[in-house]
Participant: 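Dropping a structure here in structure tokens format, bear with me for questions.
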6 protein chains.
Amino acid sequence: MFRILLLLSLFISTSHASDFCVADLKGVKNPAGYPCKSHVTVDDFVFSGFRAGNTSNAFKAALTPAFVDEFPGVNGLGFSAARLDLDVGGIIPMHSHPGGSELLIMVSGQITAGFIATDNSVFLKTISKGDLMIFPEGLLHFQLNAGNTKATAIFAYSSTNPGAQLLDLALFGNNLDSTLVQKSTLLDAAQVKKLKGAFGGSY
Amino acid sequence: MFRILLLLSLFISTSHASDFCVADLKGVKNPAGYPCKSHVTVDDFVFSGFRAGNTSNAFKAALTPAFVDEFPGVNGLGFSAARLDLDVGGIIPMHSHPGGSELLIMVSGQITAGFIATDNSVFLKTISKGDLMIFPEGLLHFQLNAGNTKATAIFAYSSTNPGAQLLDLALFGNNLDSTLVQKSTLLDAAQVKKLKGAFGGSY
Amino acid sequence: MFRILLLLSLFISTSHASDFCVADLKGVKNPAGYPCKSHVTVDDFVFSGFRAGNTSNAFKAALTPAFVDEFPGVNGLGFSAARLDLDVGGIIPMHSHPGGSELLIMVSGQITAGFIATDNSVFLKTISKGDLMIFPEGLLHFQLNAGNTKATAIFAYSSTNPGAQLLDLALFGNNLDSTLVQKSTLLDAAQVKKLKGAFGGSY
Amino acid sequence: MFRILLLLSLFISTSHASDFCVADLKGVKNPAGYPCKSHVTVDDFVFSGFRAGNTSNAFKAALTPAFVDEFPGVNGLGFSAARLDLDVGGIIPMHSHPGGSELLIMVSGQITAGFIATDNSVFLKTISKGDLMIFPEGLLHFQLNAGNTKATAIFAYSSTNPGAQLLDLALFGNNLDSTLVQKSTLLDAAQVKKLKGAFGGSY
Amino acid sequence: MFRILLLLSLFISTSHASDFCVADLKGVKNPAGYPCKSHVTVDDFVFSGFRAGNTSNAFKAALTPAFVDEFPGVNGLGFSAARLDLDVGGIIPMHSHPGGSELLIMVSGQITAGFIATDNSVFLKTISKGDLMIFPEGLLHFQLNAGNTKATAIFAYSSTNPGAQLLDLALFGNNLDSTLVQKSTLLDAAQVKKLKGAFGGSY
Amino acid sequence: MFRILLLLSLFISTSHASDFCVADLKGVKNPAGYPCKSHVTVDDFVFSGFRAGNTSNAFKAALTPAFVDEFPGVNGLGFSAARLDLDVGGIIPMHSHPGGSELLIMVSGQITAGFIATDNSVFLKTISKGDLMIFPEGLLHFQLNAGNTKATAIFAYSSTNPGAQLLDLALFGNNLDSTLVQKSTLLDAAQVKKLKGAFGGSY
């Protein structure tokens, strides 16, 4: 059997670096992602942070990401995930993911979800436990608890880091000049002022 | 306001074909996937087939796919999903996905799962509700119910059609000459004969 | 010399189909684009539609695209272009391109342009003739004539069909239920009603 | 409103690294490009170097690139640009771009441009202000001022670093053995000697 | 064992279309390649056309391609191959492959090969049986029999259809106006006339 | 001629880094590969290690890789190669390549080769000198000397690092618990014990 091993050594790389590339989060990213961690264990491929999020907030909602920065094992693999918790009446407000498409997988409860295509048509549906729904890359969408119980869902993304641009935050949660907000959205000055107040933007 | 619409018409494509490409399953695939369906509704983006699978079989297991052939909305988006049901003692036997990586998302129960890297190291873990585990593209892996209750999980894949090559079926479930099976695996003739019998291959 | 041609025939494909793939717009797209046109001439690679657009509208702006549907020669090449005309006071309101990044190339005049990153920081600059500015894929951005003369610019995109989602149209120019608009944006009911009127959405 | 911010913090990455990756030119490239710069401002997305180039040379031409080495903001975004100035009688001689396709956008003047496909067919056109013309990746092409005034154009490329292989320089501007040049091109020895002299190659 | 088969049916697609996509050469290509053939056999994955080519020509050379049009099995797989035969004194003249990199694998004999980078540096080497040499995508290169016996080699390409642009044919083997050839290459009129004669171009 | 050089300097990058990216094997990989070596010579593009491998082993086989770790010049180019030597009666046992498709190019002798698709169909053929055969990414396959003489072949891969998962080693050559091997493969305990002994796995 010694001779079997002789041959087989030819097949085996000295590392498994071609199978995967767990992120070394202390390394510097480039457009392909993080550098590969040199020593990996099974725990690099397991994520245990999907507990129920804290929904004691204005949106009665919590979003727990397992993107590459939280789950380094997805580096280079082209997917990631997140957990959604929506209390009764909760909502994930209008937003988009610049870097990837989203797949919503219902675990419990009922959600009304919608997205808007670039031809301006609306795709709206109320979905329940076991249903899946797609939100294509970069399109505005939202999810609203449509039932009388908490709703829980899993998101899968076609990217290790899909990003999220929340509409209200982008418009009202920063130092973008209020006149420019008004001109570029046609919202009334009073409306901009009110929401800048709510989202912490400078007016 | 008429004039607003004049400008805006310049922005809007006559179709939303650049946002997504729902598969026309009657069309002919090429390496990029199926042709785009010409008329789509929200139901093209919703999948409702994730019911509990029938686990009354030798493996006490059921796997319900939502790949592009079952869920045409994922065409061109680079992901898909599946549902796993494992009875007590159930197992998804050794297999690999040639076309994509797998992300296991535990919904209930306990699973012992493992994969083997090309440097021959083993990555093995028992995971529970809420845990995620990665199985990189093309590597052999398996999942076994490790608890006293049914286990349910969701799989996300980094491909619209990851494929699955089940080891026993590949070796024992077809007309591959038994002598070639023995030579290429070093399994004993009796073992090959026994499993060819079980999996329906010609001996 | 006859023999030179003998050899060289081995090098030459019977078609140039591997060099490019001009779109046959009557064919059916798949995720990789349109089928290739069978007979092409130089005119398939030339686009002459970049005349000054009609800016007699509420935004005093015109956007003339040369995406794959207008310029079939870009099919499969990963880029496209558009021309922007902004009268004094004109603006291209807040929008994003789900399918590609944008490169603005100033030809004449002055423009104040901005985009907002997913960490909510604002990138704002006033640029002039000869300047270039980047707007990364999927991020909200706008362009405003900042000078006393017409402004003209060219856009290049990293996609043959970047798409464009204009914020006001997505929110106010369709049949998306007004209550859902309010809940998902926190805009006041009166504001939603006013803009739905302006953009033609059903209230 | 404090509670709004609580939720929203879940959405916001601590950095915008997933939106873009401005090149740190002091870092080491890999096949995906440069490492990402850690601190960016709007000036990383703006390029102001597109002034008229110096055309006082034998070709009466100037080419001013904004590739990733001049414009680090394009890193990872899949496009770049250049400015072309051609005096009356000027020419950009026969060359190809190994790494990307080219889109010529006429700003002023008249240019006769051509490319040659691998089936050896010629695509030739005289184009004017406002016209676009495509030169597919890797194919030999040239551009010649065809009018009585200076011609100015913008190039967009489907790559952050398309490269350029100028035919005369590749053949005559280096130490490639003259006999090998003759054998591999069938040019006469005298012709090779003359052009090696002109382009600085060793004979 | 009946129950084993019950489960396993869940794993098996009704077709193997996700594993490969053999080209249906009668179908219409798009940028991703040819449509998939519906019924395949092992012969779709085997190519038997690599016989010694006819080298009775001016270059004493023969090139036998197994690109997608000759070997439909490579469709969508990102590689292809060719066979090279060079008689004593034979040469594959200066050319480039716009669509892919080339890997030369020496089977017998000796070859002097070179390529020129875009910074104009020359990479030149004489290689023998068993040696490999790389020619990166889009760069000018040539191969010359450097020994006293026939040389045979295999080429692998990083594309199913790398294309080939042979310099002399591109310049002298078509109807490109001779004055444009001279201006864009700085070759003398007499040289252009002579080679147009040899390569069959119209003068 | 000084003026020619003035213009041309505009065309030439200070490095050839956009043409290729030879691996610096001492650098840290990320999902796109190794960092680029700063100073390269022609020897970085030449590999001379394809000598006949040592086949004095149980499989009478030798496999000599020229993947990126042995041949740094392929970094970023999407291909690599290997040499196969099979004595009379020799075999490369059942295995798969998770990262790329394989192209077998017969140099001498006769080989019976087969692969198994995910629909469980078998593709089997005996091939001879000059034949090519494709093994699509991730599928189980094997190669067996089918003649009375040594067989030699070249493999090309559609990846710089295709990896190889040898079935017997993955199952029997590591510390994977024997009960788990039995459950996940349905092999008998005695068979697992015997092969664990042969391949060095812990029982």
Side-chain angles (χ1 to χ4, degrees), chain C residues 4 8 11-20 40-51 66 71 73-74 77-81 83 100-101 103 105-107 114-115 117-125 127-139 154 156-159 186, chain D residues 4 8 11-20 40-51 66 71 73-74 77-81 83 100-101 103 105-107 114-115 117-125 127-139 154 156-159 186:
Chain C
I4 291 186
L8 297 174
F11 268 97
I12 307 183
S13 327
T14 49
S15 77
H16 36 237
S18 63
D19 301 338
F20 43 73
V40 297
T41 71
V42 67
D43 291 326
D44 288 301
F45 298 99
V46 174
F47 178 82
S48 298
F50 265 3
R51 292 173 240 294
F71 189 10
V74 299
L77 298 185
F79 59 26
S80 61
R83 172 184 167 144
S101 295
L103 183 59
I105 303 155
M106 291 294 295
V107 175
F115 71 86
T118 58
D119 72 345
N120 222 26
S121 53
V122 176
F123 294 84
L124 186 73
K125 188 86 177 183
I127 55 177
S128 304
K129 181 177 174 174
D131 290 342
L132 272 59
M133 185 168 171
I134 293 167
F135 303 88
E137 182 169 347
L139 298 182
I154 300 293
Y157 298 93
S158 64
S159 164
L186 302 192
Chain D
I4 290 185
L8 296 174
F11 270 96
I12 307 183
S13 326
T14 50
S15 76
H16 36 236
S18 61
D19 300 339
F20 43 74
V40 297
T41 71
V42 67
D43 291 325
D44 288 301
F45 298 99
V46 175
F47 179 81
S48 299
F50 265 3
R51 292 173 239 294
F71 189 10
V74 299
L77 298 185
F79 58 27
S80 61
R83 171 184 169 145
S101 296
L103 182 59
I105 304 155
M106 291 294 294
V107 175
F115 70 86
T118 58
D119 72 346
N120 222 25
S121 53
V122 176
F123 294 83
L124 186 73
K125 188 86 177 183
I127 54 177
S128 304
K129 180 177 175 174
D131 289 342
L132 272 58
M133 185 167 172
I134 293 167
F135 304 87
E137 182 168 346
L139 300 181
I154 300 293
Y157 298 93
S158 64
S159 164
L186 301 192

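Source: prediction; values computed, not measured. Every heavy atom of this structure was used, including side-chain atoms; hydrogens, water molecules and symmetry mates were not. In what follows, chains are A, B, ... by sequence order, proteins preceding strands, each numbered from 1.
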Participant: Any chance you could measure D/M133, atom CE, to C/F71, atom CZ, to the nearest 0.5 Å?
Facilitator: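 One finds 9.0 Å between CE of D/M133 and CZ of C/F71.
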
Participant: Please step through side-chain contact (heavy atoms from CB on, under 4.5 Å) for the pair D/I127 and C/V46, ending with a clear verdict.
Facilitator: CA-CA 8 Å; D/I127 54 177; C/V46 174; 4.1 Å; yes

Participant: Please report the closest heavy-atom contact between D/P136 and C/F45, naming both atoms and the distance.
Facilitator: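 It is CG-CE2, 4.3 Å.
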
Participant: Once ring pair (Phe, Tyr, Trp, His ring centres under 6.0 Å) is applied, do any residues pair with D/F79, and if so which ones, sequence neighbours excluded?
Facilitator: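 Ring pair (Phe, Tyr, Trp, His ring centres under 6.0 Å) check on D/F79 returns nothing, list empty.
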
Participant: When rounded to the nearest 0.5 angstrom, what distance separates CG in D/L103 from OH in C/Y157?
Facilitator: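 Nearest 0.5 Å value for the CG-OH distance: 12.5 Å.
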
Participant: Say you draw a straight line from CZ of C/F20 to CD1 of D/I134; how long is it, rounded to the nearest 0.5 Å?
Facilitator: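 That separation rounds to 10.0 Å.
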
Participant: Is D/S80 in contact with chain C via its backbone, its side chain, both, or neither, using a 4.5 Å heavy-atom distance?
Facilitator: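 Just its backbone gets close to chain C.
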
Participant: Quick check for you: among D/D43, D/I154, D/L132, which has the greatest number of heavy-atom pairs under 4.5 Å with chain C?
Facilitator: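 Among the listed options, the one with the most contacts to chain C is D/L132.
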
Participant: Relative to chain C, which segment of D/T41 carries a heavy atom at a distance below 4.5 Å: side chain, backbone, both, or neither?
Facilitator: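 Only the backbone of D/T41 comes within 4.5 Å of chain C.
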
Participant: Output all residues satisfying salt bridge (charged side-chain N to carboxylate O under 4.0 Å, His left out) with C/D44, sequence neighbours left out; order by chain, then residue number.
Facilitator: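 Salt bridge (charged side-chain N to carboxylate O under 4.0 Å, His left out) check on C/D44 returns C/K37.
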
Participant: Under 4.5 Å from any heavy atom of chain D, what part of C/V74 do you find: side chain, backbone, both or neither?
Facilitator: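 The answer is both parts of C/V74.
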
Participant: Let me know if D/A66 has heavy atoms under 4.5 Å from chain C in its side chain, its backbone, both or neither.
Facilitator: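 For D/A66, side-chain heavy atoms alone lie under 4.5 Å from chain C.
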
Participant: What is the distance from atom CG of D/D19 to atom CZ of C/F123, rounded to the nearest 0.5 Å?
Facilitator: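 Going from the CG atom of D/D19 to the CZ atom of C/F123 covers 8.5 Å.
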
Participant: Output the option from C/S101, C/G78, C/S128 having the highest count of non-hydrogen pairs under 4.5 Å with chain D.
Facilitator: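 When all of C/S101, C/G78, C/S128 are compared, C/S101 has the most.
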
